[in-house]
Amino acid sequence: MSHELPIERIMQTGLLTCQPSTPLCEAAQRMAERQCSSIVVVAAGRALGIWTEHDALAVDFADPASLRRPIGEMMSQPVISLPLSTPLGEAAMRFAAEGRRHFLVVDDREMPRGILSQTDVALNQGLEPYLRLREVQGAMHQRPLVLLGHQLLSEAACHMREFGGDAAVVRCVDGELGILTERDLVRFVARHPGDTPVDGLASRPLLTVRPHDTLIAARDSLIDNRVRHLAVLDDAGEVVGLLGFRDMLAGAEQLYLQDLREALEQRDHALAQSRHNLQLAERVIDSSLEGIIITDAQNRIEFVNPAFSHMTGYSVEEVLGRTPQILSSGRHDAAFYRQMWDTLQRCGYWRGEIWNRRKSGELYLELLTITAISDEEGKTTHYAALFNDITHIRENEERIRRLAYYDALTGLPNRRLLEDRLELAIRHAHRNQSRLAVIFLDLDHFKQVNDTLGHAMGDELLVVIAERLQTRLREDDTLARLGGDEFLVLLPDLDEVDEATRIARRLIEAVSEPSQLGEHSFRVGASLGISLYPDDADSAEALIHDADTAMYRAKQEGRNAYRFFRAAMNQQDDRQLMLETALRNSLETGEGIEVYYQPLFERDGGRLHSAEALLRWHHPVFGSVSPVDFIPLAERAGLMVPLGERVMQMVCAQLAAWQREGCEPVPVAVNLSARQFWQNDLPGQVAAMLEAHGLPPGLVGFEVTESTLLDKQQQATTLLQGLRDFGCSLAIDDFGTGYSSLSYLQDLPVTTLKIDRSFIQRLGEGERGSAAIVAAVTGMAHELGLSVVAEGVETEAQRRALQRYPVDLLQGFLFGYPVEPGQFARSHLASQQHANV
């Protein structure tokens with residue numbers, strides 16, 4: 001039964017009462033007849049005292065006169081009372097704490113309503129205490145009082161009073177066990193037994209249990225046999241204890257006190273934990289980087305944390321009692337806030353981005369979460385809002401987006417964004433059965449601007465060009481920068497092809513306008529390639545590729561012009577790609593790559609002077625590929641450096657082989673590309689290569705074009721001098737065909753000038769202009785101490801014409817074709833001592 005049950009439910013309601021003058025024996029008689037454990041002494045309706053079975057221990061059974069004394073002289077007073085509403089648990093605790101066995105139960109007017117005894121409580125405890133104590137030994141009264149049968153009643157009562165127990169075990173004369181209880185004493189008072197031995201007064205037989213018997217079984221035995229005590233016997237049959245309802249109640253109260261103590265400890269622990277959690281929550285809120293606002297149900301601010309003040313500039317005092325509307329930015333209309341509150345009321349929370357305004361007036365973007373807080377009845381009592389300032393995050397995201405989709409220099413869309421727009425334009429054109437065009441634009445000679453004026457000036461030019469191009473386009477067109485000096489233009493919704501032509505012309509005109517950058521004024525051109533959807537391709541990648549192909553055709557056919565894509569261009573581009581792949585493979589394996597040698601003879605005397613190493617490539621599929629085709633291919637593919645190194649290795653190896661064969665090799669000149677010439681530590685590489693093959697430095701020379709030397713004249717001088725220190729001859733090839741500057745010749749440590757074949761061919765035809773150029777170049781070269789080589793001599797007329805000029809060496813088909821090493825050795829080296837031209 002619950003400890004919260006009121007005692008009114010279990011108390012004895014039929015009060016047994018008597019007057020203070022009632023003789024003790026008469027009162028005891030009435031208690032015995034009613035089988036009550038107490039009688040209340042009243043006068044004028046008020047309880048003066050109480051006489052209980054326990055009080056019978058104080059009777060002097062040896063004096064018969066004492067049994068007729070007025071009960072008022074023997075009663076216990078005052079009467080301790082309990083209100084009707086007292087919980088059972090509290091009553092049980094008072095029984096244990098005050099050592100009492102009876103309480104008078106009174107109403108609100110202090111009028112007696114009943115008696116509550118320990119037995120009443122024990123009988124209504126329910127099964128839980130018995131199940132928890134489990135065994136008899138957990139509740140029995142230890143060291144029971146044992147009386148001998150021949151002891152007198154007065155002596156027994158005295159022993160029981162001194163022992164403090166409510167019963168004693170009687171060992172009868174015949175050896176049987178009996179029991180003498182306080183209730184027995186009341187009965188003896190009523191019957192005036194006199195001072196007789198307890199052997200005949202004890203109740204027999206004494207019911208017994210074992211210490212390990214279950215307490216619930218002992219309880220049932222007490223109730224079933226309508227007795228108050230059981231003797232507890234050990235295995236030897238000795239009495240080791242007594243068990244009664246009082247003992248069970250005491251054990252139950254111990255459990256109750258233990259439960260109460262544990263409950264109080266748990267409560268204290270929970271309160272301490274709650275305080276700790278509250279303090280921790282306060283610290284977390286105060287140190288949170290998120291702004292926190294708590295409002296009441298009317299949206300009035302009750303709390304803000306320090307982060308709120310830091311982000312908004314408002315102090316706590318400035319916002320308490322006000323609404324969050326003080327932060328309103330004015331950027332959101334009423335519909336926005338109406339939708340926010342509708343969602344909040346419907347779902348209990350709202351999350352989104354909102355613009356607000358700081359106290360300083362500065363706008364900021366925040367990520368806001370609002371949650372409705374409800375009570376137990378589901379009524380909203382507060383709103384909690386958490387927010388973060390994400391202005392910088394969105395700015396960074398926008399910056400990242402621009403970096404991802406826009407060119408950092410010009411601000412134009414990059415290739416990625418252009419391709420996205422092109423994909424959309426293609427779908428739109430397909431749906432509307434319309435055309436679109438892609439223009440690939442590349443600036444002409446932009447590298448010279450970078451090399452001459454610097455990259456900073458080149459970047460400035462790109463910005464200017466981008467602005468000009470943008471002004472020549474239609475509103476829906478897209479101009480994008482791919483990188484370097486390459487641009488892409490998307491022309492959607494073309495009504496006719498001529499419209500793309502007109503825009504291409506406007507773009508060329510825009511680029512060709514004079515550019516004034518600082519003190520420098522110059523012009524650049526542009527080559528454009530145009531591809532059409534759906535005429536040329538139906539995908540973004542293919543359209544860009546076709547426009548790129550057409551642009552290269554515009555460059556090949558004169559620059560500063562536009563060309564439409566044709567299928568033949570694509571086929572040529574495919575062949576170029578296959579050639580590039582084949583060249584890479586041949587370069588890795590060395591198969592098909594050969595060096596041919598063409599002789600150079602002294603004009604006067606016809607003696608073999610030297611040779612020029614010329615690269616040849618023979619492929620099993622493409623056959624013999626002309627240098628005119630594969631050299632530019634190697635330049636575009638970035639293969640010139642490894643290709644040049646292979647040529648140098650092959651030349652050195654061949655010179656060493658000729659030496660081992662007993663031939664007397666002549667110096668061999670190797671052509672250097674611009675990339676190979678400007679690579680790091682070229683002189684060191686040449687020295688290491690000559691040393692590795694055991695060759696003297698003078699056997700290997702080099703030829704470079706004048707455009708290579710003009711780009712970085714000062715650095716070129718240092719590099720050439722390093723090669724000259726090894727004894728290498730240095731020739732400027734194709735002199736006169738580029739941007740010739742005669743002044744630089746006196747500073748460059750070169751040894752030879754090679755007059756381009758174009759001048760020699762026209763010289764044989766009697767052209768006066770070529771003759772003047774040859775005369776000027778050869779005269780100047782001899783004045784500078786340089787040797788002169790006339791290359792491309794193919795006829796006798798050309799040879800005779802050269803007799804008039806100070807030319808030192810002759811080279812051309814008239815004297816010998818480029819041949820493989822074996823043929824060169826047989827035709828020239830073996831007979832060089834007897835050469836006669």
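None of the values given here were measured: they were computed from a predicted structure.
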Note to self: Under the criterion side-chain contact (heavy atoms from CB on, under 4.5 Å), I'd like the reasoning laid out for E353 against L365: C-alpha separation, chi angles, the key distance, then a yes or no.
What the structure shows: CA-CA 7 Å; E353 295 179 4; L365 182 65; 3.9 Å; yes
Under 3.5 Å, sequence neighbours excluded: what are the donor-acceptor pairs made by side chains of residues 344-352?
| residue | atom | partner | partner atom | Å |
| --- | --- | --- | --- | --- |
| Q345 | NE2 | Y383 | OH | 3.1 |
| R351 | NH1 | T369 | OG1 | 2.6 |

Write down the atom of [X], the atom of [Y], and the distance for their closest heavy-atom approach.
X	Y	answer
D333	Y337	O-CD1, 3.3 Å
L230	A218	CD1-O, 3.6 Å
M160	A168	CG-CB, 4.0 Å
V316	S309	N-OG, 4.1 Å
G49	M75	CA-SD, 3.6 Å

At what distance, to the nearest 0.5 angstrom, does [atom1] of [X] lie from [atom2] of [Y]?
X	Y	atom1	atom2	result
R394	H392	CZ	NE2	13.0 Å
I370	T295	CD1	OG1	8.5 Å
L147	L152	CG	CG	11.5 Å
L242	T181	CG	OG1	11.0 Å
H150	C172	NE2	SG	12.0 Å
D224	L207	CG	CG	10.5 Å

Looking at [X] and [Y], would you say the former's side chain and the latter's main chain have a donor-acceptor pair under 3.5 Å?
X	Y	value
N305	I292	yes
D199	V173	yes
D63	D60	no
N225	S221	yes

Report yes if the side chains of [X] and [Y] come closer than 4.5 Å at any heavy-atom pair, otherwise no.
X	Y	answer
H269	Q266	no
I393	L367	no
L104	I50	no
L82	V106	no
V169	L177	yes
E318	K359	yes
L201	T196	yes
L180	S203	no

Who are the side chain to side chain contact (heavy atoms under 4.5 Å, CB included) partners of [X], not counting sequence neighbours?
X	result
I80	R94, E98, R100, F103
L84	E8, M11, V105, D107, R113
R69	S66, E73, M74
D296	Q298, R300, E302

Check: Will you find, in the side chains of Q325 and S328, an N or O donor that is under 3.5 Å from an N or O acceptor?
Finding: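 Side chains of Q325 and S328: no pair found under 3.5 Å.
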Margin query: Taking atom CG as the centre, does L289 end up with more than 12 heavy-atom neighbours from other residues, nucleotides or ligands that are less than 6.0 angstrom away?
Written below: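 No, not enclosed.
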Checklist line | Atom NE2 of H332 with >12 non-hydrogen neighbours under 6.0 angstrom | finding: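 Counting other residues, nucleotides and ligands, NE2 of H332 exceeds 12 neighbours.
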Anything under 3.5 Å between a donor and an acceptor, one on a side chain of residues 22-48, the other on a protein residue two or more places apart or in another chain? List them.
| residue | atom | partner | partner atom | Å |
| --- | --- | --- | --- | --- |
| T22 | OG1 | Q19 | N | 3.2 |
| T22 | OG1 | Q19 | O | 3.1 |
| Q29 | NE2 | E33 | OE2 | 3.0 |
| R30 | NH1 | T17 | O | 3.4 |
| R30 | NH2 | T17 | O | 2.7 |
| R34 | NH2 | G14 | O | 3.1 |
| S37 | OG | H102 | NE2 | 2.6 |

Next item on the list: Could I get the full list of side-chain hydrogen bond (donor to acceptor under 3.5 Å, both in side chains) partners for D389, not counting sequence neighbours?
Entry: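 Listed in chain order: R358, T391.
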Notebook entry, point to check: Can you name the side-chain hydrogen bond (donor to acceptor under 3.5 Å, both in side chains) partners of T86, sequence neighbours left out?
Noted result: none
Listed pairs under 3.5 Å, donor-acceptor, residues 232-240 side chains, sequence neighbours left out:
| residue | atom | partner | partner atom | Å |
| --- | --- | --- | --- | --- |
| D234 | OD1 | A236 | N | 3.0 |
| D234 | OD1 | G237 | N | 3.0 |
| D234 | OD1 | E238 | N | 2.8 |

Check: Under the side-chain contact (heavy atoms from CB on, under 4.5 Å) criterion, do I301 and T323 qualify, and how do the steps go?
Finding: CA-CA 6 Å; I301 297 175; T323 69; 5.8 Å; no
Next item on the list: Take S374 and T381, measure what side-chain contact (heavy atoms from CB on, under 4.5 Å) needs, and give me the verdict at the end.
Entry: CA-CA 5 Å; S374 304; T381 59; over 6 Å; no
Check: Between F308 and F387, what is the ring plane arrangement, given parallel below 30°, perpendicular above 60°, and tilted in between?
Finding: perpendicular
Check: With F303, which residues qualify under ring-ring contact (aromatic ring centres under 6.0 Å, His included), at least two apart?
Finding: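 For F303 there are no ring-ring contact (aromatic ring centres under 6.0 Å, His included) partners, ignoring immediate neighbours.
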Next item on the list: Just grab all the salt bridge (Lys or Arg N to Asp or Glu O under 4.0 Å) pairs involving residues 365-380, residues at least two apart or on different chains.
Entry: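 The answer is none; no pair qualifies.
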Check: Got a sec, which pairs hit salt bridge (Lys or Arg N to Asp or Glu O under 4.0 Å) with one end in residues 320-330, sequence neighbours left out?
Finding: none
Notebook entry, point to check: Does the distance from a Lys or Arg side-chain N to an Asp or Glu carboxylate O, for R204 and D174, drop under 4.0 Å?
Noted result: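 So R204 pairs with D174 through a salt bridge.
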Note to self: Salt bridge or not between R171 and E176? Use side-chain N to carboxylate O under 4.0 Å.
What the structure shows: no
Check: Between W341 and N299, does a side-chain contact (heavy atoms from CB on, under 4.5 Å) hold up when you go through it step by step?
Finding: CA-CA 11 Å; W341 281 104; N299 206 28; 3.8 Å; yes
